[in-house]
Structure formats: C-alpha cells, structure tokens
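Within every chain, numbering begins at 1; the chains are lettered A, B, ... in the order of the sequence lines, protein sequences first and strands thereafter.
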Amino acid sequence: MKMSKLFVQTLREFPNDAEAISHKLLVRAGYIKKLANGIYTYMPLAQRVLAKISNIIREEMNASGAQELTMPFVQPAEVWQKSGRWQKYGKELLRCKDRHDNEMCLAPTHEEVITSVVGEVVNSYKQLPLNLYQIQTKFRDEIRPRFGLLRGREFIMKDAYSFHTTQEDLEREYEVMGKTYTSIFNRCGLETTAVQSDSGAIGGAVSHEYMVLVDTMVGENDVFYCKNCSYSANSNHAISKLPIETTDGGFDKEEIVDTPNTKTIEELAAFLKVNANCILKAVAYIADSRPVIAMIRGDKEVEETKLMNVLNALEIRPMENNEVKEFLNSEAGFISYRNVDKSKVRVVFDNTVKGMKNFVLGADIKDKHIVGANLEEGIEFYDISLVKEGEFCPECGKPLYITRGIEVGNIFQLGTKYSEPMGACYTDEKGQLKPYIMGCYGIGVSRTMAAAIEKYHDDFGIVWPIEIAPYHVDIVPVNIDDETQSKVAYEIYEKLTKEGIEAVIDDRSDRAGVKFKDADLIGFPIRITVGKTIQEGLVEYKTRKDGVMTKLTPDEAIENVIKYVKKSS
RNA sequence: CGGGAUGUAGCGCAGCUUGGUAGCGCACCUCGCUUGGGACGAGGGGGUCGCACGUUCAAAUCGUGUCAUCCCGACCA
C-alpha cells in the first residue's frame with residue numbers, strides 16, 4: 001500500500017473529547033471516526049486490525065470444533081418475549097418499530113435467536129453437542145458510553161453458543177473454550193487472566209471473565225488476585241477468608257444516646273470514640289421496587305451484585321431519603337433494622353455482622369443511635385460485602401491484591417436458562433423431551449483492539465503486537481525525489497509484498513520528520529528507512545517495540561522482516 | 001437520573017465581560033524553495049458561530065428554552 005493512497009488522516013493534536021489513551025490514539029492516528037456517542041466508523045487501518053483479530057478467533061474457534069454462522073442484527077420482539085427478556089432487559093435494548101408497526105430491536109446479544117434456530121434444527125440427542133459462533137455488530141444502549149471503543153454502544157463481538165445433553169458435557173466444552181480463549185488472546189499478543197465472575201441474577205451458573213490487567217482507570221472492573229495461588233476474581237464475585245473476628249463496642253448496657261451530626265460512619269465513630277467495625281451499618285435499597293435493608297459491619301461495604309443474588313433481584317438502587325421515611329419510618333443516617341415491618345421490608349445481614357457484640361446501631365430517630373446493642377437469635381447471614389485489598393485468599397489464605405482489568409472475553413455456563421422458557425428441546429435416548437443445556441462465550445473484538453493499545457503504547461503512539469498490527473512494515477524513503485532512495489525503497493517494497501509481507505511505502509513528498517512521526521503514531525512494528533546511507537548500500541531497520549536500529553543491506557533487511565513476521569505466526 | 005463543563009472551518013483554540021464586516025494555528029489547494037524527527041515564503045478556498053425563540057436599528061456576544069458532547073457522581077446513612 002502506498003501511503004499517499006491510504007485512506008487515513010493523522011492529527012497533530014489529541015482530540016479534546018477523549019480520555020482513555022486508546023481512544024485518543026485511535027482517533028489521532030486515524031483508526032476511527034466518531035459518528036455519535038459510542039458509535040464509530042472503523043477506518044481502513046482499524047478494519048485491518050479487526051480482521052486480524054477476527055481471523056485468529058476464527059482459526060481457533062474452528063480448530064476447537066465450533067462452526068461459524070451469522071444471525072440477524074435486527075430482531076422481532078417475539079423471540080425476546082418468549083425468553084422473558086423483552087420485559088427484563090431494560091433500556092440497553094434499543095427498541096423500534098418497522099413500517100407495519102411490529103416491535104423490533106437491535107441485537108445486544110443472540111441467545112434468543114440461536115436458541116430458536118437450534119430449537120428448530122436439533123431434535124435428537126444424536127445431533128449434540130454443538131457449538132455455533134458468529135462475529136458481528138452488537139448494539140447496547142449503554143447509560144454512559146465512554147473510553148472510545150472500550151465501552152461503545154455499537155461494537156463488534158464474537159459470540160458463541162454451545163448445546164449439550166448433560167452438565168458434564170457442558171463443563172467439558174467450557175474447559176475447551178477456556179483454553180481456546182487463552183490461546184486466542186496469546187496469539188493477539190495479549191496476556192489475559194481468567195477471573196471468576198458473577199453470572200447475573202439467576203445464580204448457580206459458573207462464569208469466567210478474561211481480563212487484560214491494566215493499572216489505569218479505564219479498566220472498569222476491579223480484580224482481586226492472589227500472588228501465591230491462582231485465585232483471581234472480579235470484585236462483584238470475590239470472596240475473602242475473613243476470620244469471624246469478634247468486635248466488641250465495649251458498652252456496658254444497651255441505651256439510646258445523642259449523636260448529633262453523625263451522618264457518616266467516620267463521624268459517628270469519631271464522636272463515640274469506637275472503631276468503625278463496632279458500628280452496625282444499615283444500607284437501604286430498593287430492589288425490584290421492594291425495600292431492602294442490608295446490615296453490614298461499619299468498616300465494610302456492600303457489594304450490590306452479591307446482594308442482588310441473595311435477593312434474586314434484577315435491579316437495585318439505593319433508597320432516596322424520602323423513601324427511608326416512607327418505607328422504613330426511619331431517618332437517613334440513623335437506620336436500624338429493628339422497627340421495620342419484616343413482611344414488607346427484607347433485611348439481609350452480612351457474614352461480618354456475626355461476630356459483633358455491644359455494637360452501635362441507628363435508633364431510627366434523627367441524631368440518635370443505640371449503643372451496646374446485640375443481635376437477636378436466629379438471624380441468617382450472607383456474603384454481601386465487597387472484599388478489601390489485604391483480606392485473605394479464600395483458597396490459600398495469603399493476602400489478596402487488587403488491580404484493574406479490561407474484560408475482553410467471557411465464558412458462561414447457562415444451563416437451561418433460555419432453552420427451558422423458549423421450549424427448545426431435543427429427544428433423548430429414552431424418547432423423552434429435554435431442554436438443551438447451554439453455554440455461551442463472548443469476545444469483544446473491537447474492545448480487544450482498544451485493550452491492546454491501552455497495554456501497548458508510548459509517548460509517540462501505538463506499539464502494536466505484530467500479530468494484530470494493520471501492516472507489518474513501513475518503508476520510508478527519506479527523500480522520494482532522490483532517485484536511488486526511491487528506487488531501492490520500491491524494490492524492497494515489491495520484494496516484501498511478493499513474500500506475503502504486509503508493507504506500506506511512504507511515497508509522500510513530505511519531509512522525513514512527518515513520515516517518522518506518522519509511522520510511530522500508527523504503530524508499524526517495523527520501519528525500514530532508505531536515506532543517505534544508501535550510498536554505502538545500507539538501509540536502516542528499526543523495530544517499534546524497542547526502538548533498536550541497525551544498518552543493513554536491503555536484502556538483509558528484507559530477510560529480517562520475513563524472519564520477524566514468520567516467527568510471530 | 002443528579003451535578004459540573006463545553007458547543008465558533010476537518011482538528012485544536014481565541015473572540016463573548018463592554019452587541020456593530022468572524023479570527024488564529026494545524027490540515028487543505030496553487031507556486032516557489034526545502035528533504036533524517038511534524039520546515040519556510042507568497043497567494044488561495046472553506047464557517048447560517050449546535051438549534052429555536054426572545055430583547056435590539058443591529059446578536060457568536062444579552063435572555064429563555066432545547067439538543068448534543070465530555071467529565072464526575074449515582075446516594076454505603
């Protein structure tokens with residue numbers, strides 16, 4: 001490809017509306033153009049990167065026995081009504097009507113359609129197991145799209161769905177997919193960590209997220225991991241081994257005391273001169289429009305996903321101050337659990353509360369708390385707390401560390417969550433009708449591209465792993481008007497192209513500095529510069545990753561490129 | 001959904017306080033010159049100042065509304 005013909009425009013400055021480095025670089029280096037919030041055009045450079053990632057995915061998925069298909073992006077409400085998600089999915093599902101006033105939606109995922117397709121085709125256990133996948137655009141109307149391609153509304157996803165007759169066979173496939181994912185990301189030049197994660201409101205299922213660990217804010221997931229063993233988990237799922245320590249507030253008897261202006265735990269702890277872990281904190285929520293109080297030790301925080309799982313709730317939000325009065329007949333900042341109508345308000349106690357004695361508790365009256373309180377008999381405890389760094393690994397007991405992760409893939413054991421309500425069944429050996437046992441497996445293709453940039457960039461631009469770079473090599477004649485330089489550059493370009501190397505020749509009449517800046521920004525893994533040293537028969541061979549430059553003859557440079565590219569594939 | 005900020009040429013910005021012919025840098029076009037890390041000179045093209053309504057002789061500028069974008073937060077009592 002001639003640089004003069006490549007459809008790309010690099011910018012001298014970073015765009016103003018981008019925050020994440022991947023977003024800034026994708027825009028500045030001319031890979032993407034924004035059309036609307038969270039909706040981007042993939043320019044030719046990006047298209048090539050996406051194609052490379054997609055091809056790696058295809059090769060690995062096909063090798064694992066999966067088959068590719070393509071399902072509709074616009075879907076009728078009907079299939080979603082069947083699974084029950086037309087009601088439940090919420091605003092992320094972009095709905096619209098066709099000219100006949102039929103309700104339609106843009107696909108955010110494809111469980112419904114694949115279940116319906118397989119339901120029509122697969123009637124016998126003999127046709128199972130089966131794994132089908134597609135690489136396709138998805139649309140999710142996110143509350144707050146941000147960070148460019150890391151959280152767009154329209155994005156490219158590989159989604160696979162597997163169908164089985166037994167849980168054991170699903171687990172076998174789940175493991176195959178796990179291995180497949182690891183090698184897909186490795187081949188993309190990305191190291192990933194498989195972390196345990198929450199699997200959504202309908203519990204019981206197993207799922208893992210494949211995370212690229214980063215130390216920036218753009219990783220939207222907190223990941224806890226153990227340096228001693230292999231344990232790692234998303235914060236929404238992580239558990240820690242906390243000894244049920246006894247925390248004693250040291251009050252002799254239960255009584256109500258004045259605690260003016262103590263709306264936060266810190267203020268209250270300071271006022272009463274007790275540790276936060278001697279205060280029983282009440283956090284009030286509305287879960288699926290029903291009031292809930294989560295009781296938790298003052299130094300811990302509620303993990304809402306865990307709470308939702310305990311409640312089997314789909315939606316949860318903190319209670320507003322006026323609702324605290326309405327539902328709990330209490331006062332924000334001074335909530336207790338003792339005076340509520342238990343038939344109307346669900347009270348959930350965290351495990352950490354178990355060891356609390358003579359603690360401090362809200363009195364349901366403004367500016368008053370109860371001190372020296374103790375728990376009643378027969379309370380059930382659940383794990384609804386967020387793990388904190390430094391708490392202990394549930395598997396080996398060593399301290400847990402926290403980091404940020406970008407979720408690029410996720411594998412999930414669905415069971416019969418979709419097949420059952422949708423009536424998608426096969427006939428087993430005994431002639432009985434059984435719903436399929438399903439798994440699903442996703443990879444964010446466009447997000448993977450962005451994650452790679454988050455991981456691999458420097459002050460000058462993108463530093464692509466060669467496996468997913470848009471081109472392998474950029475050939476730069478310093479002065480295109482110099483006959484020798486131009487001739488040699490073109491010869492190198494022709495020879496490399498013939499060898500199947502993806503090369504760009506920067507045939508623009510710009511000065512060398514412009515070409516070098518663009519080469520670094522775009523992120524070509526290798527640059528061959530043909531300049532003055534061609535008088536001595538030498539060109540410069542430079543790798544982007546380490547900036548190492550060597551002077552070689554054109555033929556040696558060509559050989560080096562071929563070696564470098566072959567080694568990576 | 002709440003709070004904050006910003007909308008002026010493809011990109012980055014100034015102008016707005018104090019209303020009076022819409023500007024700068026980059027990019028783009030032409031010519032010259034230059035060719036090893038975003039050169040230089042001369043000339044040129046491109047914007048209904050987000051949109052609507054209002055105030056005014058006159059609005060990018062003042063007022064009201066609206067839309068969009070970005071950031072933060074989404075209540076831990």
Min side-chain heavy-atom separation A/Leu496-A/His472 under 4.5 Å: no
Distance in angstrom units between A/Met43 CE and B/rC11 C1', rounded: 13 Å
Closest nucleotide among B/rC1, B/rU69, B/rC76 to the A/Glu304 side chain: B/rC76
B/rG10 base / A/Gln9 side chain donor-acceptor hit below 3.5 Å: no
Touch class at under 4.0 angstrom, heavy-atom based, for A/Leu361 against every strand present: nothing
Pair of N/O donor and acceptor under 3.5 Å linking B/rG38 base with A/Asp510 side chain: no
Length of the CZ-P vector between A/Arg151 and B/rC71, whole Å: 12 Å
Sugar-phosphate, base or nothing in reach of A/Lys532, heavy atoms under 4.0 Å: base
Presence of A/Asn37 side-chain N/O under 4.0 Å of B/rC70 phosphate oxygens OP1/OP2: yes
A/Val514 side chain, from C-beta outward: closest of B/rA74, B/rU69, B/rG38: B/rG38
Proximal nucleotide (of B/rG38, B/rC72, B/rG37) relative to the A/Leu521 side chain: B/rG38
Atom CG of A/Asn329: over 12 foreign heavy atoms under 6.0 Å: no
Between B/rC31 and B/rU69 - P atom distance, rounded Å: 42 Å
Within 45° cone of A/Tyr471 ring axis and under 6.0 Å: A/Arg48 NZ or CZ: yes
Length of the NZ-P vector between A/Lys515 and B/rA39, whole Å: 12 Å
Residue matched to B/rG20 through Watson-Crick or wobble contacts both under 3.5 angstrom: B/rC57
Same-atom distance (P) from B/rU21 to B/rA59, integer angstrom: 12 Å
G-U wobble or Watson-Crick pairing nucleotide for B/rG25 (cut-off 3.5 Å, both distances): B/rC11
Sugar-phosphate only, base, or nothing, as touched by A/Ala294 at under 4.0 Å among non-hydrogen atoms: nothing
Nearest listed nucleotide, side chain of A/Asn16, among B/rC1, B/rG37, B/rC13: B/rC13
Lys/Arg cation over aromatic A/Phe155: A/Arg140, 6.0 Å, 45° cone: no
B/rU34 phosphate, OP1 or OP2, under 4.0 Å from A/Asn479 side-chain N/O: no
Sugar-phosphate, base or nothing in reach of A/Arg144, heavy atoms under 4.0 Å: base
Complementary nucleotide for B/rG37 - Watson-Crick or wobble, under 3.5 Å: none
Sidechain N-carboxylate O distance under 4.0 Å for A/Glu323, A/Arg317: yes
Distance-only donor-acceptor test (3.5 Å): side chain A/Arg317, base B/rG73: no
Interatomic distance at P, B/rG37 relative to B/rA42, whole Å: 24 Å
Under-4.0 Å side-chain N/O to phosphate OP1/OP2 contact, A/Arg12 with B/rA27: yes
Whole-Å distance separating the CG atom of A/Asp481 from the C1' atom of B/rU35: 8 Å
Within 6.0 angstrom of A/Lys5 NZ, more than 12 heavy atoms from elsewhere: no
Selected nucleotide, minimal atom distance to A/Leu11 side chain, candidates B/rC11, B/rA74, B/rC70: B/rC11
Rounded distance in Å between the P positions of B/rG19 and B/rG3: 31 Å
Sugar-phosphate only, base, or nothing, as touched by A/Asp482 at under 4.0 Å among non-hydrogen atoms: nothing
Integer angstrom distance from the P of B/rA9 to that of B/rC24: 14 Å
A/Gly531 backbone acceptor or donor facing A/Thr529 side chain under 3.5 Å: no
Sugar-phosphate, base or nothing in reach of A/Lys542, heavy atoms under 4.0 Å: base
A/Pro318 side-chain proximity, nearest of B/rA74, B/rC72, B/rC11: B/rA74
Nearest heavy-atom neighbours spanning A/Arg12 and A/Arg28: O-NH2, 3.1 Å
Watson-Crick or G-U wobble partner of B/rA42, both distances under 3.5 Å: B/rU30
Any A/Lys517 side-chain N or O less than 4.0 Å from OP1/OP2 of B/rG37: no
Any-strand Watson-Crick or G-U partner of B/rG47, both distances under 3.5 Å: none
Distance, rounded to the nearest Å, where A/Asp506 contributes CG and B/rU35 contributes P: 18 Å
Phosphate-side-chain proximity, A/Arg146 and B/rC72, N/O vs OP1/OP2 below 4.0 Å: yes
Closest nucleotide among B/rG73, B/rU69, B/rG36 to the A/Lys34 side chain: B/rU69
Of the listed nucleotides B/rG38, B/rG36, B/rC1, the one nearest the side chain of A/Ile143: B/rC1
Nearest-Å distance for atom pair CD/P, residues A/Gln485 and B/rU35: 11 Å
Earlier contact from the 5' end, RNA chain B, for A/Pro15 and A/Gly298: A/Pro15
Sugar-phosphate, base or nothing in reach of A/Ile265, heavy atoms under 4.0 Å: sugar-phosphate
Minimum-distance nucleotide to A/Val283 side chain [options: B/rA39, B/rC76, B/rG36]: B/rC76
Sugar-phosphate only, base, or nothing, as touched by A/Ser330 at under 4.0 Å among non-hydrogen atoms: nothing
A/Thr529, nearest nucleotide to its side chain (from B/rG36, B/rC1, B/rU69): B/rG36
B/rU55 to B/rA68 separation - C1' atoms, rounded to the nearest Å: 26 Å
Atom pair distance, as rounded to whole Å: CZ in A/Phe334 and C1' in B/rC75: 15 Å
Nucleotide B/rC11, atom C1' - distance to NE2 of A/His23 in whole Å: 13 Å
Base paired to B/rA5 (Watson-Crick or G-U; both N/O distances under 3.5 angstrom): B/rU69
